[in-house]
Protein chains: 2
Amino acid sequence: MPNASNGDRNPTSGANGRSQRVRIRDVARAAGAAQSTVSNAINGTGNVDPHTRDRILEVAAELGYVPNRNARSLRTDRAGMLGIVLSTRSEAGEVANVSYNLRLAGGASRAAFRRQNALTLLPPVRTPEEAAHLVPDGVILADIELDDPARAAFDVIGVPIVTIESDPGNPHESYWVGADTPTNTRTGLDHLMATGAKTIAYMGTDSTGTWSAQSATAYRAWCEERGVEPIAITVPRTQTVGECAEVLRELLEREPRPDAIFALTEKIAVTVVQQLGDLNLSVPRDIRVLSGSDGDRAAQALPSISAIDLHPEEVGAAAVALLAELIEGLDTERPRIIRATLNARESTTGRVTR
Amino acid sequence: MPNASNGDRNPTSGANGRSQRVRIRDVARAAGAAQSTVSNAINGTGNVDPHTRDRILEVAAELGYVPNRNARSLRTDRAGMLGIVLSTRSEAGEVANVSYNLRLAGGASRAAFRRQNALTLLPPVRTPEEAAHLVPDGVILADIELDDPARAAFDVIGVPIVTIESDPGNPHESYWVGADTPTNTRTGLDHLMATGAKTIAYMGTDSTGTWSAQSATAYRAWCEERGVEPIAITVPRTQTVGECAEVLRELLEREPRPDAIFALTEKIAVTVVQQLGDLNLSVPRDIRVLSGSDGDRAAQALPSISAIDLHPEEVGAAAVALLAELIEGLDTERPRIIRATLNARESTTGRVTR
DNA sequence: AAATATTCGCGAATCGTTTTTTGCTCCGGT
DNA sequence: ACCGGAGCAAAAAACGATTCGCGAATATTT
């Protein structure tokens, strides 16, 4: 009984268990029209007189008619369902870049919902067989890496794909949404320089994804333009605090000692800031730190960490939009680039902004 | 062309665009049986001779038959789709407790997938009208609070509901999965005491959810049993580092000064540890800190923070299982309690465990 | 005014399953 | 010998929408 409100108007509770919502034929009967006309009126298809269309819509609204998705799906061969794979690689299921991914998924979910689509969270799919049972109309692959098994799996069963950032294994594929990483990296580096940095080091990950690769490349290019030697180091994905500390110590022994660090991920940035505090180095006075991705952790660190906000919600929404257009067969603008913004915080400016 | 592999065997590419996978009638023809028999063989329903069943299954496998979900859904009135709402409250879309929620969703996703179901990520749903368009077979409501609009919305349209933690508005409803919060809280408090704490303060949130409420209650009960005065303070959900610092400073001026803090969330715990470092108090020597929920942030903090691991993946998986049984109409054991474990780290033991 | 388009709406077919109904065969009991 | 039931398989009827083809009514052109 706590599952309350089983009143008369409850749309489910058929004796046979089938949901007893209003069907199109009920609307047709009530409006004195044919099913096909009701269908056309609702979907805006075919030729229906504006007057009758309005009448039908009114009746439909009054009756609370909601089309049965399953019937519609069968007829139109569309599931009304998009998939998103947040992480292909992690076996244990932990998803890296937690904050980014959750915001990405949230943005995509809302965008899909607005389009009357469901966004389903797919576990790491590796084979076509796995993918064949749950066939979405299209799929978004986040965090795609070189030779991604998920891409292959969905390609084989013919499911349209949009990736977050370009697929490093298919550089000519244009159906992706992402950031202008080279520009963003430069923006970050410029910001560090503008706050007084002379020697900027780069700490990235060993990911084979495009974001990571392009960031590192942009960093080197930026250094080359200025005739300075790049100082780029890589932190293994499975970094522990200890490893990171070691890498950092090495970095600080260089001559001249870097006075700024561009940390690709929030996780690296937070660890770096912690370690620097431990080594009695002042942030930002001695060393400035900037994170290549923003989120809770960067914002909440002490000192708070300046970061590039990649606007993952917008990326997710754009991915859904592009995917929908790909499914429709529309030939729209692509790739879609979401402009990032720089959130300057204490780790570079030395005071709380805002 | 990068969307490769449009060979002959590509299952989609019908001239009319309809997916041209093998249908049940193809299997029937190839096996020399009726559609109904194939259906029965595959679903293990009805009476079919074991011999013919095997033959049919063999043929089906050979042809690579995969049932059309849309047709099946129409016939059975099951969408094969479960929904999960991660956060009802946040308007802007930011989900609190990021790490917990993402792990929860991941666990649920895998469990659903194993059952050939899709787990769809639903945006905060507030009205029945919003909920009516995408009707899942059942829905998981995480982070449910008092008078949750999502519960009401899904109740009205008759969608079965399982909540994460019990619904504070429906205390007699038993379809929920969660932790044994009273026990977990005590475990944490006992651990703090075992590591030498005498005066333990509690910092929780202003959430109206069950987890928060039960934690606070358990804390007070624990104090009462020991005849000590509880020191419980609440951090507003929208806490900034500044506010938290202020609250903490007050806390530390009490007489006697607390020598341990039970912080309900990772976020609070991390902030507390940072602030304590800033105030030149040693963790854990002067003050021990324990987080009521575990995740990346607690593990990676400096010093690393001991925390109660609520095993959100298991919670998600159990929620899917319970929801599936609720949908089936099975009367199984409930609620489902997932046992938590304590991860002792530097913030209480003063050394790296493991 | 006749011929020809065009608009509008209806009925029926269809999507690919599952489920119900029907039918056949075989067997044991009276 | 006949009946009843069990076992198996085929045929047919759903499920609820969309879409196709066609005719009737109306508008437009010759």
Side-chain angles (χ1 to χ4, degrees), chain A residues 11-12 14-29 31-57 59-60 63 65-80 116 132-133 135 137, chain B residues 11-12 14-57 59-60 63-80 116 132-133 135 137:
Chain A
T12 69
N16 51 4
R18 192 164 260 273
S19 79
Q20 299 210 318
R21 301 198 311 191
V22 177
R23 285 153 299 190
I24 198 170
R25 87 173 71 105
D26 301 321
V27 178
R29 191 159 32 215
Q35 289 193 27
S36 46
T37 309
V38 175
S39 175
N40 282 324
I42 285 173
N43 297 327
T45 55
N47 272 344
V48 15
D49 185 274
H51 186 270
T52 51
R53 181 172 53 79
D54 290 348
R55 179 169 49 91
I56 288 174
L57 290 181
V59 171
L63 266 53
Y65 171 67
V66 177
N68 181 311
R69 286 179 66 84
N70 296 328
R72 174 179 282 179
S73 290
L74 171 60
R75 188 59 240 240
T76 61
D77 202 26
R78 284 278 169 79
Q116 315 259 45
H133 283 280
V135 186
D137 297 332
Chain B
T12 70
N16 51 3
R18 192 165 260 274
S19 80
Q20 300 211 317
R21 301 198 309 193
V22 178
R23 286 155 297 192
I24 200 171
R25 89 172 70 104
D26 301 322
V27 178
R29 192 160 32 218
Q35 291 191 25
S36 47
T37 309
V38 175
S39 174
N40 283 323
I42 285 173
N43 298 328
T45 54
N47 273 345
V48 10
D49 186 273
H51 187 268
T52 50
R53 181 172 53 78
D54 289 349
R55 179 169 49 89
I56 288 174
L57 290 182
V59 171
L63 265 53
Y65 170 69
V66 177
N68 179 311
R69 286 180 66 84
N70 297 327
R72 173 178 283 181
S73 290
L74 172 59
R75 186 58 241 232
T76 61
D77 202 27
R78 284 277 169 79
Q116 315 258 42
H133 283 279
V135 186
D137 297 332

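Residue numbering restarts at 1 for every chain, and letters A, B, ... go by the order of the sequence lines. The figures that follow rest on heavy atoms only: side chains count, while hydrogens, waters and symmetry mates do not.
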Tell me whether Arg69(A) contacts the main-chain N or O of Val135(B) through its side chain, where contact means a donor paired with an acceptor under 3.5 Å.
no
Nearest of dC15(D), dA10(D), dC10(C) to any side-chain atom of Ser36(A)?
dC10(C)
Any N or O donor-acceptor pair under 3.5 Å from the base of dT17(C) to the side chain of Arg75(B)?
no
Tell me if a side-chain donor or acceptor on Arg55(A) pairs with a main-chain N or O of Ala31(A) at a distance below 3.5 Å.
yes
Is there a side-chain contact between Ser73(B) and the phosphate of dT17(C), meaning an N or O under 4.0 Å from OP1 or OP2?
no
Select from Thr52(B) and Ser39(A) the residue whose nearest nucleotide in DNA chain D is closer to the 5' end of that strand.
Thr52(B)
With respect to the phosphate group of dG16(C), does any side-chain polar atom (N or O) of Asn70(B) fall under 4.0 Å of OP1 or OP2?
no
Looking only at side-chain N and O atoms, does Tyr65(A) come under 4.0 Å of OP1 or OP2 in dG16(D)?
no
On DNA chain D, check which nucleotide each of Ala33(B) and Thr45(A) is closest to and give me the residue with the more 5' one.
Ala33(B)
Think Thr37(B) has a side-chain N or O under 4.0 angstrom from the OP1 or OP2 of dA10(D)?
yes
Comparing Gln35(A) with Pro50(A), nearest DNA chain C nucleotide closer to 5' gives the residue Pro50(A)
Does some side-chain heavy atom of Asn70(A) sit less than 4.5 Å from a side-chain heavy atom of Asn70(B)?
no
Presence of Asn47(B) side-chain N/O under 4.0 Å of dA9(D) phosphate oxygens OP1/OP2
no
Quick one: does any side-chain atom of Asp54(A) pair with a main-chain N or O of His51(A) as donor and acceptor, under 3.5 Å?
no
